[in-house]
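Worksheet: one structure, shown below.
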Amino acid sequence: MAGAVAGQALDVAPRILGARVITNVDGNRVEIVINEVEAYCGGADPASHAYRGETARNAPMFGPLGTIYVYRSYGIHWCVNIVTGEIGDPQAVLLRGGHVVGGVDTVVKRRGRSDHLADGPGKFAQALAIDGSASGTMLSHDGIALTVDTENPPAYVTTPRIGISRATDRQWRFVSAAT
DNA sequence: ACGAGGATGCTCT
DNA sequence: GAGCATCCTCGTC
């Protein structure tokens, strides 16, 4: 699974579109098809958490391919990244949003509402019940699973990344073209 | 549909 | 002590 998405974040990000993320918490399975991601390109990217080098928070980004990096956003939300580079090269793809295709009832309960279930990074993490305890762990079959469909690469559009204040000119956000 | 404003906590300067 | 890789609510149009 993870081997199919090795490389620079910029190359990997569009290939994660259409992939499925599956978690199973307390017997409640949730499955989401990813339709929005952003690439963060380590030392070459002023907007990356890893731009200024390794710290306690961003250490997972320097880990191997398939490492999960979760950080707290604005004191409230959790945001999920997948590390895509080699050890020491902090390439990562932020999972920003998706469409819930399994465990809708569970997600509605977790989110406390029945619309906008996973159309944003904080909502996405909450829908899958991913929090800081997952940061530094690996993608795995019985934990947080990522399944990439290499047969059907989706059409997508690119835009500047959302919510950042540096490197705003780079079109490093990837959104699936169709729903 | 869209925009302003507040909540909230952790990291790094 | 500033600055966030955000979300929700409530106000307008």
Side-chain angles (χ1 to χ4, degrees), chain A residues 5 7-17 19 21 23 25 30 32-63 65-85 89-100 104 106-137 139 144 146 156-176 179:
Chain A
V5 293
Q8 298 299 104
L10 207 48
D11 300 325
V12 174
R15 292 198 283 135
I16 289 182
L17 293 173
V21 182
T23 58
V25 178
V30 172
I32 293 182
V33 175
I34 297 169
N35 60 22
E36 179 185 356
V37 300
E38 285 175 0
Y40 284 89
C41 303
D45 182 1
S48 170
H49 288 169
Y51 181 60
R52 296 179 187 281
E54 184 170 345
T55 65
R57 177 178 66 154
N58 68 23
M61 294 183 90
F62 291 78
L65 171 70
T67 301
I68 298 162
Y69 167 52
V70 184
Y71 68 93
R72 206 193 262 292
S73 174
Y74 292 90
I76 304 172
H77 309 288
W78 296 106
C79 294
V80 184
N81 292 253
I82 304 301
V83 174
T84 70
D89 182 15
Q91 303 285 318
V93 175
L94 169 66
L95 307 183
R96 283 193 59 89
H99 180 235
V100 180
V104 175
T106 297
V107 175
V108 168
K109 202 173 301 177
R110 283 180 189 156
R111 297 273 300 114
R113 56 192 298 165
S114 55
D115 59 348
H116 298 287
L117 294 178
D119 57 342
K123 307 176 207 179
F124 182 92
Q126 188 184 12
L128 289 162
I130 296 171
D131 63 18
S133 67
S135 196
T137 67
L139 290 171
I144 299 169
L146 178 69
Y156 61 87
V157 296
T158 62
T159 79
R161 292 172 292 180
I162 304 295
I164 58 172
S165 57
R166 297 182 307 238
T168 53
D169 57 318
R170 303 180 194 182
Q171 305 264 125
W172 287 356
R173 174 171 174 256
F174 301 80
V175 185
S176 297
T179 53

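The chains referred to below are lettered A, B, ... by the order of the sequence lines, with proteins before strands, and numbering in each begins at 1.
- With rounding to whole Å, A:Tyr69 atom OH is found 14 Å from B:dC10 atom P.
- Along DNA chain C, the nucleotide nearest A:Arg72 and the nucleotide nearest A:Gly122 are compared for position; the residue whose nucleotide lies closer to the 5' end is A:Arg72.
- The two residues A:Lys123 and A:Ala118 come nearest to each other via the heavy atoms CB-CA, 4.0 Å.
- For the segment residues 111-121 of chain A, the set of residues with a heavy atom within less than 4.0 Å of an atom of DNA chain C comprises A:Arg111, A:Arg113, A:Gly120, A:Pro121, in numerical order.
- Here the C1' atom of nucleotide C:dA2 and the CZ atom of A:Arg166 are 13 Å apart, to the nearest Å.
- Nearest heavy atom pair, residue A:Ile130 against residue A:Ala134, reads CG2-CB, 4.1 Å.
- Distance, A:Lys123 NZ to C:dT9 P: 11 Å, rounded to whole Å.
- Atom CG of A:Asp131 is separated from atom C1' of B:dT8 by 17 Å (rounded to the nearest Å).
- At a non-hydrogen distance threshold of 4.0 Å, A:Tyr40, A:Ala47 from residues 39-48 of chain A come into contact with DNA chain C.
- Checked by atom type and distance alone, the side chain of A:Glu36 never pairs as donor or acceptor with a backbone atom of A:Asp119 at under 3.5 Å.
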Legend entry - Intermediate values then yes/no, side chain to side chain contact (heavy atoms under 4.5 Å, CB included), A:Val37 and A:Val12: CA-CA 10 Å; A:Val37 300; A:Val12 174; over 6 Å; no
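- Taking 3.5 Å as the limit, the base of B:dA7 and the side chain of A:Tyr74 contain no donor-acceptor pair of atoms between them.
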Inset, instruction - Could you provide the dot-bracket string of DNA chain C, using ( ) for intrastrand pairs, [ ] for crossing pairs and | for bases paired to another strand, with Watson-Crick or G-U pairs below 3.5 Å? - result: ||||.|||||||.
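- Rounding to whole angstrom units, CG of residue A:Leu94 and C1' of C:dC4 are separated by 14 Å.
- Atom P of nucleotide C:dC4 and atom OH of A:Tyr51 are separated by 15 Å, given to the nearest angstrom.
- Judged as a ring pair (Phe, Tyr, Trp, His ring centres under 6.0 Å), and not counting sequence neighbours, A:Phe124 has no contacts.
- Picking from C:dT6, B:dT8, B:dC12 the nucleotide with the shortest atom distance to the side chain of A:Ile76 gives B:dT8.
- Here the OG1 atom belonging to A:Thr106 is positioned 11.0 Å from the CG atom belonging to A:Leu117, to the nearest 0.5 angstrom.
- Remark: P of C:dG3 and CZ of A:Arg52 are 13 Å apart, rounded to the nearest angstrom.
- Classification of A:Arg15 and A:Asp11 as a salt-bridged pair fails, no side-chain N sitting under 4.0 Å from a carboxylate O.
- Rounded to an integer number of Å, the gap from CD1 of A:Ile164 to P of C:dG3 is 17 Å.
- Residues A:Asn35 and A:Leu17 approach most closely at C-CD2, 3.5 Å, considering heavy atoms.
- Among all heavy-atom pairs drawn from A:Cys79 and A:Ser73, the shortest one is SG-CB, 3.7 Å.
- When atom types are taken as modelled, the side chain of A:Arg96 and the backbone of A:Glu38 share no donor-acceptor pair closer than 3.5 angstrom.
- The closest donor-acceptor contact from the side chain of A:Asn58 to the backbone of A:Gly53 lies under 3.5 Å.
- Of all non-hydrogen atoms in A:Thr84 and A:Leu65, the two that sit nearest each other are O-CD1, 3.6 Å.
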Inset, instruction - Check the pair A:Trp78 / A:Arg72 against side chain to side chain contact (heavy atoms under 4.5 Å, CB included), numbers first and verdict last. - result: CA-CA 5 Å; A:Trp78 296 106; A:Arg72 206 193 262 292; 3.5 Å; yes
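- With distances taken from any side-chain atom of A:His49 to the nucleotides C:dC7, C:dA5, C:dC4, the minimum falls on C:dA5.
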Polar atom pairs (N or O), protein with nucleotides 11-13 of chain C, under 3.5 Å:
none

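- Between C:dC4 and A:Ser73, no contact under 4.0 Å exists linking OP1 or OP2 to a side-chain N or O.
- A:Arg57 comes within 4.0 angstrom of the backbone, heavy atoms only, and of no base.
- The listed nucleotides are B:dT13, C:dC4, C:dC7; the one nearest the side chain of A:His77 is C:dC7.
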Inset, instruction - Determine, stepwise, if the pair A:Phe174 / A:Leu10 fulfils side chain to side chain contact (heavy atoms under 4.5 Å, CB included). - result: CA-CA 10 Å; A:Phe174 301 80; A:Leu10 207 48; 4.1 Å; yes
Listed pairs under 3.5 Å, donor-acceptor, residues 162-170 of chain A side chains, sequence neighbours left out:
from	atom 1	to	atom 2	distance (Å)
A:Arg166	NE	A:Pro46	O	2.9
A:Arg166	NH2	A:Pro46	O	2.7
A:Arg170	NH1	A:Ala44	O	3.0

